[in-house]
Asker: 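Structure provided below as structure tokens; questions to follow.
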2 protein chains.
Amino acid sequence: MATTVETSEVTLAVSTVIFALGGEGLRIPLVRRIRQPFEGQWALPGGPILRTEPLEAAAGRNLLETTGLRSTYLEQLYCFGDVDRAPGERVVSVVYWALVRPDEAELAAEGENVRWFTADELPALAFDHNAIVDYALWRLRTKMEYSRIAQAFLGPTFTLAELRQVHEAVLRRPIDPANFRRQIEASKGIIATEQRITGGRHRPPRLYRYDSSVALTDNGPLSTTRNEAPRVIS
Amino acid sequence: MATTVETSEVTLAVSTVIFALGGEGLRIPLVRRIRQPFEGQWALPGGPILRTEPLEAAAGRNLLETTGLRSTYLEQLYCFGDVDRAPGERVVSVVYWALVRPDEAELAAEGENVRWFTADELPALAFDHNAIVDYALWRLRTKMEYSRIAQAFLGPTFTLAELRQVHEAVLRRPIDPANFRRQIEASKGIIATEQRITGGRHRPPRLYRYDSSVALTDNGPLSTTRNEAPRVIS
DNA sequence: CCAAAAGTGTTGAATTTACACCCATGA
DNA sequence: TCATGGGTGTAAATTCAACACTTTTGG
């Protein structure tokens, strides 16, 4: 992946699959390669690993550098190391996946060499990146069913309808609003505020916020106690 | 981890957490380090990555080299890359976890520099290997609840009591035999043979074998179509 | 016959699912 | 007042959990 020096036998890199929710469902940003191999083709944002930088920080950094965004959720996906995944050299890529909020994604830098694609309709990507995205999509959809990562797509407060729409968009199936409400309320991790949204031609929905004392997902002993910053309650 | 050349900025290695079931529950083999750092302390089997060797093959190879065993299940656990996890140099380790059968584990080479330990009572290990084992244990126990990896601890045929005892040993809690039976029978992936075990002072139990057309666990698009070899039905 | 584990049946609780229906708002 | 989603109620279906009971063997 065009990294570091050529003196090492194996090259190590970090790449990141970034998800945001757009009009047509899940969207991910890709960068156009400006050198061989795969020059001109689209690829996942990525780069070399710096000697003194943690892997997760590297993922966050190249996320920031290519899109200008900070993610609300970042997790290691897998380490890809097939011998022939890059022509000529042996590249091992530690891949992370990230979720960003749509309002931030709006501001995202989009230029000649960075473009957002609909996740289910990608062109042929460089390297094995199509397979990587497929796996990231599978993980996201699987995890959506048993964790509360959906909240990472939303701002500090949200209505239950918004949260449900996130689930529906990611899982691509309708969800019963009544059952969804009870399910979420029973699962904890969410706190009702006294605020409501007015202006709609219907009963004003209550706003919720997430309970920052409860982790979005249970990663067992790996949980990096990196809980999101406590939210200011308005 | 004392690998390859020092010309590269970051050293890449593979380690493996190997699980077998022994009398006192889960057991794992460790190797004694014969050089600095952590000389004399116990550590996970591991080694450098060869230029032309797939990561999974490297894990299988150092499993074979240190214990003489081949595993019935091998999966990537996580890639550990904290900056200070090895004194002096930057080492990124791709860690795999493996399951082996007790009958094979019996034959395992155990010498001055290789010893089997009870997984829940490990001494202080080299590097961050205690944390790695904790995470592997969590993954094994979590996965035991929703997949059929328990079968990887058993031979080609087994009774439902044996299968249940694997669950009980790993999860460390008793399981109702009646409910366990129905649960397993409903979940498919297991086939009843016409054979029974005689000789016990009780009704002879039926032998089962696993359905090799059903994967032990659903890893989504990552499944390496590396299904176990079809079993000969006796 | 007795002990022990294999295997089947049954019942109540908990959870899931579908859908009816009332509530509060803006137009 | 009507349309629209917010929010509550409820009952059937399914799954889960506990445990009684019957079966088949060896001693």
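The structure displayed is predicted, hence computed values, not measured ones. By convention in this document, chain letters (A, B, ...) are assigned in the order of the sequence lines, proteins followed by strands, and residues within each chain are numbered from 1.
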Asker: Which residues pass the salt bridge (Lys or Arg N to Asp or Glu O under 4.0 Å) test with A:Arg181, sequence neighbours left out?
Answerer: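 Once residues adjacent in sequence are excluded, the partners of A:Arg181 under the salt bridge (Lys or Arg N to Asp or Glu O under 4.0 Å) criterion are A:Glu185.
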
Asker: I need the residues from residues 165-189 of chain A with at least one non-hydrogen atom less than 4.0 Å from DNA chain C; give them sorted by number, or say none.
Answerer: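 The answer is A:Asp176, A:Ala178, A:Asn179, A:Arg182.
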
Asker: Does A:Arg182 have any salt bridge (Lys or Arg N to Asp or Glu O under 4.0 Å) partners at least two apart in sequence or in another chain, and if so, which?
Answerer: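 Partners of A:Arg182 by the salt bridge (Lys or Arg N to Asp or Glu O under 4.0 Å) criterion come out as none, since no residue qualifies.
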
Asker: With a strict under 4.0 Å distance from non-hydrogen atoms of chain B, what nucleotide opens and what nucleotide closes the contacted stretch of DNA chain D, reading 5' to 3'?
Answerer: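 That gives a stretch of D:dA17 to D:dG26.
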
Asker: With sequence neighbours left out, what residues match A:Pro123 under side chain to side chain contact (heavy atoms under 4.5 Å, CB included)?
Answerer: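 Scan of A:Pro123 (side chain to side chain contact (heavy atoms under 4.5 Å, CB included), adjacent residues dropped) gives A:Trp42, A:Phe117, A:Leu125.
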
Asker: Please enumerate all residues that pass salt bridge (Lys or Arg N to Asp or Glu O under 4.0 Å) together with A:Glu121, with sequence neighbours excluded.
Answerer: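 So A:Glu121 forms no salt bridge (Lys or Arg N to Asp or Glu O under 4.0 Å) with any residue.
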
Asker: Partners of B:Arg27 by side chain to side chain contact (heavy atoms under 4.5 Å, CB included), sequence neighbours excluded?
Answerer: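 B:Arg27 satisfies side chain to side chain contact (heavy atoms under 4.5 Å, CB included) with B:Glu24, B:Trp116, B:Thr118 once adjacent residues are dropped.
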
Asker: Could I get the full list of side chain to side chain donor-acceptor pair (under 3.5 Å) partners for B:Tyr78, not counting sequence neighbours?
Answerer: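 None.
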
Asker: Can you list everything that forms a salt bridge (Lys or Arg N to Asp or Glu O under 4.0 Å) with A:Arg172? Sequence neighbours excluded, please.
Answerer: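 Salt bridge (Lys or Arg N to Asp or Glu O under 4.0 Å) check on A:Arg172 returns A:Asp120.
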
Asker: Test of understanding: with side chain to side chain contact (heavy atoms under 4.5 Å, CB included), list the residues that count as partners of A:Asp218, not counting sequence neighbours.
Answerer: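 Applying side chain to side chain contact (heavy atoms under 4.5 Å, CB included) to A:Asp218 gives B:Trp138.
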
Asker: How does each nucleotide of nucleotides 21-27 of chain C score, in 5' to 3' order, for protein heavy atoms under 4.0 Å: base (B), sugar-phosphate only (S), or none (-)?
Answerer: --BBBS-

Asker: Any heavy-atom pair between the side chains of B:Phe153 and B:Leu26 that's under 4.5 Å?
Answerer: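 The answer is yes; the side chains approach within 4.5 Å.
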
Asker: Quick one: list whatever passes side chain to side chain contact (heavy atoms under 4.5 Å, CB included) with B:Ser147, sequence neighbours left out.
Answerer: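 By the side chain to side chain contact (heavy atoms under 4.5 Å, CB included) rule, B:Ser147 matches B:Lys143, B:Ile149, B:Thr217.
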
